[in-house]
Amino acid sequence: MISTRMATITNNFIFKPPIFHSAPRKLLPHRSSLPFLSKGIGGNCRSHQRIRLIPKATAASGAKKQEKRERVQRVHSVEEFDSALQSAKERLVVVEYAASDSEESSQIYPFMVELSRSCSDVEFILVMGDESEKTKELLKREKVEKVPHFSFYKSKEKIHEEEGIGPDMLVGDVLYYGDNHSAVVQLHSGEDVQKLIEDHKVDHKLIVLDVGLKHCGPCVKVYPTVIKLSRQMDSVVFARMNGDENDSCMQFLRDMEVVQVPTFLFIRDGNIEGRYVGSGKGELIGEILRYQGVRVT
């Protein structure tokens, strides 16, 4: 029954207001014989610090001299662009497509510069679309019609793109797609989930599993809160899975009957003690505290 039901909705997930469920249930009883891949994530991006906002925008096209710590690379052709993606390998690459006469481009660029100083494991690229025929050719190839336009690449593949976003959304996107800069455990299969659960049956820690999708606005919105909590709550294990990453992840969503994202599963000693559906920061913190035995009034 579950499989038939999910087959009609796995490609049409619903983003809805918070929903609470607290009925305990067992996780999948089967164990995989495959090697387990679950691992902790390093901290190269100082996401717990507030990004310093620059009150006066510096035009991307008119910057006289970049500071030494600035890590935004300017590219001027398709060849340079492809070479930069190749050099980045598996690291996240954030590309801003801008124009010299775009006020929005000049306003958002300083914030990307600040991110480049804070996130050492992310590569940042600036392309001025009206700089030359070569840059116009690059924008045409990447199907960029309006600026500022941000694209996110990994392993030379575009994984996400946004138009007309503000600083908060840019920071959220970098945190969400960066994948290597927090204490949140990244899970890539159902076997990873089982391994994580087994690892914490001894210490009886609460596991908060953030289940989302790659292109989910509410998932991106709440993720900085997840990262911050993972640094502040030593007694809780935070983990994340994108359901549409591969077939194993999607099967896990089916088995857990996850039909709305983001969904947070609260797991302890192999049992799902409850779940929270939504992206409300206060509601999420309240639910975590409740499952930690803290009375919330």
Side-chain angles (χ1 to χ4, degrees), residues 13-19 38-51 91-94 111-112 114-115 118-122 124 150-154 159-162 165-188 192-193 196 206-234 236-246 249 252-253 256 258 260-267 275-289 291:
F13 280 84
I14 306 170
F15 307 145
K16 285 191 172 181
I19 297 177
S38 180
K39 60 182 181 178
I41 303 303
N44 294 327
C45 183
R46 299 191 293 277
S47 57
H48 61 292
Q49 297 180 353
R50 185 175 181 86
I51 298 298
R91 294 191 299 276
L92 176 69
V93 179
V94 180
F111 300 104
M112 188 169 77
E114 287 297 296
L115 280 175
S118 303
C119 300
S120 61
D121 57 347
V122 179
F124 294 84
F150 285 88
S151 293
F152 301 79
Y153 300 80
K154 265 191 177 180
I159 60 173
H160 183 65
E161 57 186 338
E162 297 267 15
I165 61 175
D168 290 343
M169 182 61 75
L170 177 59
V171 172
D173 283 342
V174 171
L175 294 178
Y176 191 72
Y177 296 105
D179 202 42
N180 293 314
H181 47 249
S182 77
V184 180
V185 182
Q186 307 296 319
L187 304 177
H188 307 285
D192 282 1
V193 178
L196 183 67
L206 176 69
I207 298 173
V208 178
L209 176 51
D210 175 8
V211 181
L213 297 174
K214 291 180 181 178
H215 306 291
C216 162
C219 301
V220 174
K221 175 186 175 183
V222 75
Y223 193 62
T225 298
V226 176
I227 292 178
K228 185 175 181 180
L229 291 175
S230 73
R231 297 182 182 278
Q232 296 176 340
M233 305 180 75
D234 295 334
V236 178
V237 177
F238 289 84
R240 176 178 70 154
M241 171 185 283
N242 278 328
D244 52 350
E245 180 175 338
N246 55 47
C249 293
F252 178 79
L253 265 67
M256 294 298 103
V258 174
Q260 299 173 10
V261 290
T263 288
F264 292 86
L265 300 177
F266 302 101
I267 306 167
R275 64 179 66 195
Y276 164 69
V277 182
S279 59
K281 298 176 183 178
E283 291 87 348
L284 174 60
I285 294 172
E287 286 295 286
I288 294 173
L289 293 176
Y291 287 106

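Just so you know, these numbers use all the heavy atoms, side chains as well, and skip hydrogens, waters and symmetry mates.
To the nearest 0.5 angstrom, Y276 atom OH is 10.0 Å from T263 atom OG1. Note that OG of S118 and CG of L115 are 6.5 Å apart. Values are rounded to the nearest 0.5 Å. The CG atom of L196 sits 5.5 Å away from atom CG of L187, with the distance rounded to the nearest 0.5 Å. Here the CD atom belonging to E114 is positioned 11.0 Å from the CZ atom belonging to F124, to the nearest 0.5 angstrom. The CD1 atom of I285 lies 5.0 Å from the CG atom of L229; values are rounded to the nearest 0.5 Å. Atom CG of L175 sits about 4.5 Å away from atom CD1 of I227, to the nearest 0.5 Å.
Contact between M241 and L209 at its shortest, heavy atoms only, is N-CD1, 4.2 Å. Nearest heavy-atom pair, R275 versus V258, reported as atom, atom and distance to 0.1 Å: NH1-CG2, 4.1 Å. The shortest heavy-atom contact between G243 and L253 is CA-CD1, 3.7 Å. Considering every non-hydrogen atom in both P262 and D210, the closest pair reads CB-OD1, 4.0 Å. Nearest heavy-atom pair, D192 versus Q186, reported as atom, atom and distance to 0.1 Å: OD2-O, 4.4 Å.
Side chain of H215 to main chain of I159: a donor-acceptor pair is present (N/O by atom type, distance under 3.5 Å, no hydrogens or angles). Using a distance-only test at 3.5 Å, with no hydrogens or angles considered, a donor-acceptor pair links the side chain of Y177 to the main chain of K214. No side-chain donor-acceptor contact under 3.5 Å links D121 to the backbone of G178.
Counting heavy atoms from C-beta outward, V174 and F152 have side chains that approach closer than 4.5 Å. M112 has its side chain within reach of F150: a pair of non-hydrogen atoms, C-beta onward, lies under 4.5 Å apart. In this structure, V222 and F264 have side chains that are in contact, with non-hydrogen atoms separated by less than 4.5 Å. Inter-residue side-chain proximity for F266 and E287 is flagged as met; some heavy-atom pair is nearer than 4.5 Å. Between D173 and I165, some side-chain heavy-atom pair lies under the 4.5 Å cut-off. Looking only at side-chain heavy atoms (C-beta outward), E283 and V277 stay at 4.5 Å or farther from each other. Inter-residue side-chain proximity for C249 and N246 is flagged as met; some heavy-atom pair is nearer than 4.5 Å. Using a 4.5 Å heavy-atom threshold, the side chains of Y176 and N242 count as touching.
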Could you walk me through whether M256 and V211 pass the side-chain contact (heavy atoms from CB on, under 4.5 Å) test, one step at a time?
-> CA-CA 10 Å; M256 294 298 103; V211 181; over 6 Å; no

Passes side-chain hydrogen bond (donor to acceptor under 3.5 Å, both in side chains), H160 versus E162? Steps please.
-> CA-CA 7 Å; H160 183 65; E162 297 267 15; 2.9 Å; yes

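The environment of D168 atom CG is sparse: at most 12 non-hydrogen atoms of other residues, nucleotides or ligands sit within 6.0 angstrom.
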